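Predicted model only: the values in this text are computed from it and were never measured. Note: hydrogens, waters and symmetry copies are ignored here, and every other heavy atom, side chains too, is used.
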Amino acid sequence: MAPEAFDERNKIAERSTTRAELLPEEQAAESADPEGQAREVLRDSDRRTEAPEPTMRRRPEETA
């Protein structure tokens, strides 16, 4: 999927406006581009939600 389509489908532009209000720890890091940072955080979160990384599964006999 094209990045623009992903952003549009997930309303990244609208959501990044409110996410751009920095958290205290982000303010301490003095972000030069809070809205750009917000877009990247939201994209990453949405990607991980849509396509989570597989987790390692243990069988009962493998546990201690």
Side-chain angles (χ1 to χ4, degrees):
M1 173 178 295
E4 298 81 17
F6 180 87
D7 286 1
E8 187 175 323
R9 187 185 78 225
N10 290 297
K11 300 180 181 174
I12 297 293
E14 295 88 1
R15 293 168 50 215
S16 65
T17 303
T18 57
R19 177 61 179 88
E21 296 173 16
L22 299 178
L23 300 171
E25 57 271 20
E26 294 168 331
Q27 289 174 353
E30 298 181 15
S31 176
D33 183 8
E35 196 162 324
Q37 181 178 341
R39 281 191 300 275
E40 289 305 313
V41 167
L42 291 167
R43 281 184 193 122
D44 181 59
S45 176
D46 289 347
R47 281 186 199 113
R48 287 185 286 121
T49 299
E50 290 181 13
E53 293 181 9
T55 57
M56 189 172 88
R57 303 274 185 205
R58 288 185 170 181
R59 295 186 311 248
E61 60 272 12
E62 294 176 323
T63 61

Asks: Would you find a donor on one side and an acceptor on the other, under 3.5 Å apart, between the side chain of Ser45 and the backbone of Val41?
Replies: no
Asks: Should the pair Arg43 and Phe6 be classed as cation-pi, given the thresholds of under 6.0 Å to the six-membered ring centre and 45° from the axis?
Replies: no
Asks: When rounded to the nearest 0.5 angstrom, what distance separates CG in Leu42 from CD in Gln37?
Replies: 10.5 Å
Asks: Please check if atom CD in Glu53 has more than 12 non-hydrogen atoms from other residues, nucleotides or ligands closer than 6.0 Å.
Replies: no
Asks: How far does CD of Glu14 sit from CD of Glu8, to the nearest 0.5 angstrom?
Replies: 8.5 Å
Asks: How many angstroms lie between CD1 in Ile12 and CD in Glu40, if you round to the nearest 0.5 Å?
Replies: 9.0 Å
Asks: Kindly indicate whether the side chain of Asn10, heavy atoms from C-beta on, has any atom under 4.5 Å from the side chain of Arg15.
Replies: yes
